[in-house]
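Below is one structure, written out as structure tokens; the observations come after it.
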Amino acid sequence: MNFTILIVDDEKNIREGLGHSLEMDGYQIELAEDGKTGWNLINEREIDLVIADLKMPGMSGGELLKKVSSAYPTIPVIILTGHGTIESAVEAMRNGAFDFVTKPVNLDRLSLLVKRALSNRELVLQHRNLQEEVDRLKRQRSSGRIIGKSQQMQKILQMVEQVAPTKASVLITGESGVGKELVADALHELSNRKEKPYIKVHCAALAESLLESELFGHEKGAFTGAVALKRGRFELAHRGTIFLDEIGEINQQVQVKILRVLQDKKFERVGGEKTQEVDVRIISATNRDLKEEIEKGGFREDLFYRLNVVNIHVPPLRERKEDIPLLVSEFLKEFSEENQKEIAGINPKARLALHNYHWPGNIRELRNCIESAVVMAKGKIITYEDLPPNVASGSDADYIKLDVGSSLEDAEREIIRATLHHENGNKSRTAEILGIGRKTLHRKIQEYQLER
Ligand SMILES: Nc1ncnc2c1ncn2[C@@H]1O[C@H](COP(=O)(O)OP(=O)(O)OP(=O)(O)O)[C@@H](O)[C@H]1O
Ligand SMILES: [Mg+2]
């Protein structure tokens, strides 16, 4: 990237000296002899960094700093001060200066600062671009809260928009934390039932004995403790949508009753004779393999087909890593607001770690990880050290990436290297995990020069 640095100083020698030195570092240079001229240049040209003397006739560096910080908050400003004016330097920092350098200027230090400020600016801009992309995607799609630009997610969003207005039962499948509930919410939101009730039932959270009366209600005196008539969730969802989360957890008796609602829209309250009729759209979700449950006899096949008129499968995060940067950017925004911290970006090493990690807990885990990183962050940029330890170390240890076209030899070396690393160099454990003898392992370590 080609950066342009504006140097504002009323002393010609300093202005040109610094300009020359930074030009040698490969930057484009603009010079101005006072704040006003500098400010005009900032408005006219593309300036990436400002170095300004604090004391100048006319508009001072301090005033210029204030203007830049409020109008162009992503442009870093480095302040130059004379000896003995530390107080004003401190004030400059308070007003948003990136850093300050005392005169006579140590060119090495300045060069280092400039480098740091510019890489900081790049991260900030990167983060801003991502946020703009998230906003654009949100505006394009009516299913607003679901973020994702991967092909898989685009397909899911398209499907959601297509089936939402119908009454078809939808079964949402996918690992824990992939966003099944968000998909269910969107299906209701985008349907013509959206003004009507949306009732969620977390089937696994309710005791088996309670689930039936929760779903279908009970008559007064149906069982001990049933002191009054209670309407069930199906009744409450009349004309709206019911979301049965963790549908794989329900028992046979309840399965039969749900099947009847699906087929005839009819049911009875627990302990009741009178048949109730409801008009309810059923959306269900599970992270279990229901086909397998059917084979084992735990789940009714006829119910499965009724629930699964449309199947939406949400793939795990590790299969759609293109979505990670957008999600990270969204969660950074959410949690910096919540924690009242100004997090402006994430550094390349941390970004890479997030990319390499295999996310067994999917988006929920990513969200928690970013929340924790925001809380831990000491500066405005999330670093590798701010990430939870399991994510940071898991990113390079638990996961091997091989390009198609690698040789078996490459694969063997990678597996040995990664396992050794994961076991902190413990060779007995490594040999055991890999299922080879210690001697063989030794030989291979030497062969592949894996000894560090
Ligand atoms: N595409 C996405 N965009 C933004 N946030 C998402 C996305 N997918 C999931 N999330 C967030 O991740 C968290 C987990 O999502 P959700 O509860 O929908 O997962 P789930 O598949 O229902 O998980 P479980 O099977 O454990 O119930 C939520 O905080 C949700 O808001
Ligand atoms: Mg869920």
Side-chain angles (χ1 to χ4, degrees), residues 130-161 164 170-190 198-206 211 233 241-250 282-290 292-293 307-308 311-339 354-355 357-375 388 391:
L130 280 167
Q131 237 153 34
E132 278 165 14
E133 195 175 344
V134 170
D135 289 343
R136 205 169 45 244
L137 281 171
K138 279 186 177 170
R139 258 180 277 119
Q140 260 173 26
R141 290 279 172 189
S142 23
S143 31
R145 286 167 52 225
I146 306 180
I147 293 165
K149 65 166 178 182
S150 61
Q151 236 181 36
Q152 295 101 307
M153 275 325 275
Q154 291 302 323
K155 226 174 100 190
I156 286 174
L157 291 173
Q158 224 175 344
M159 223 164 146
V160 166
E161 282 169 21
V170 181
L171 176 66
I172 308 164
T173 52
E175 289 178 12
S176 181
V178 287
K180 298 187 291 297
E181 189 166 343
L182 275 193
V183 170
D185 295 354
L187 283 170
H188 176 73
E189 276 305 306
L190 299 178
Y198 176 42
I199 306 288
K200 298 188 184 188
V201 187
H202 199 293
C203 302
L206 290 163
L211 184 62
R233 308 271 181 108
T241 308
I242 195 165
F243 174 45
L244 303 173
D245 202 359
E246 315 268 352
I247 187 86
E249 311 294 321
I250 59 176
I282 301 188
I283 298 172
S284 48
T286 183
N287 50 27
R288 289 215 198 169
D289 182 354
L290 286 186
E292 200 175 286
E293 300 295 321
L307 292 171
N308 195 36
N311 172 232
I312 297 184
H313 179 72
V314 190
L317 186 56
R318 64 184 163 281
E319 287 174 15
R320 46 179 166 113
K321 292 196 165 181
E322 312 91 281
D323 291 339
I324 294 178
L326 291 179
L327 288 162
V328 168
S329 145
E330 178 70 4
F331 296 149
L332 276 181
K333 189 165 128 204
E334 179 185 344
F335 291 115
S336 8
E337 274 164 23
E338 200 175 299
N339 292 286
L354 295 179
H355 181 83
Y357 185 60
H358 60 288
W359 301 110
N362 293 296
I363 300 178
R364 179 177 298 114
E365 187 181 12
L366 176 64
R367 195 164 175 273
N368 292 342
C369 161
I370 298 299
E371 178 174 18
S372 137
V374 168
V375 171
V391 173

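Note that ligands are numbered from 1 as they come in the structure, with each ligand's atoms numbered from 1 the same way. Because the structure is predicted, anything quoted here is derived from the model rather than measured. The basis for the numbers below is simple: all heavy atoms, side chains too, and nothing from hydrogens, waters or symmetry mates.
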For Ile250 against Leu211, the heavy-atom pair lying closest together: CG2-CD2, 3.2 Å

Carboxylate-amine/guanidinium contact Lys200 Asp185, below 4.0 Å: yes

Charged N to carboxylate O below 4.0 Å: is that the case for Arg318 and Glu175? yes

Non-neighbouring partners of Asp323 that pass side-chain hydrogen bond (donor to acceptor under 3.5 Å, both in side chains), sequence neighbours left out: Ser150

For the residue pair Tyr357 and Trp359, does the interplanar ring angle fall in the parallel (under 30°), tilted (30 to 60°) or perpendicular (over 60°) class? perpendicular

Which protein residues come within less than 4.0 angstrom of ligand 1, counting heavy atoms only? Arg145, Ile146, Ile147, Glu175, Ser176, Gly177, Val178, Gly179, Lys180, Glu181, Leu182, Asn287, Leu327, Phe331, Ile363, Arg364, Arg367

Among Val134, Leu354, Leu130, whose side-chain contact (heavy atoms from CB on, under 4.5 Å) with Pro325 holds? Leu130

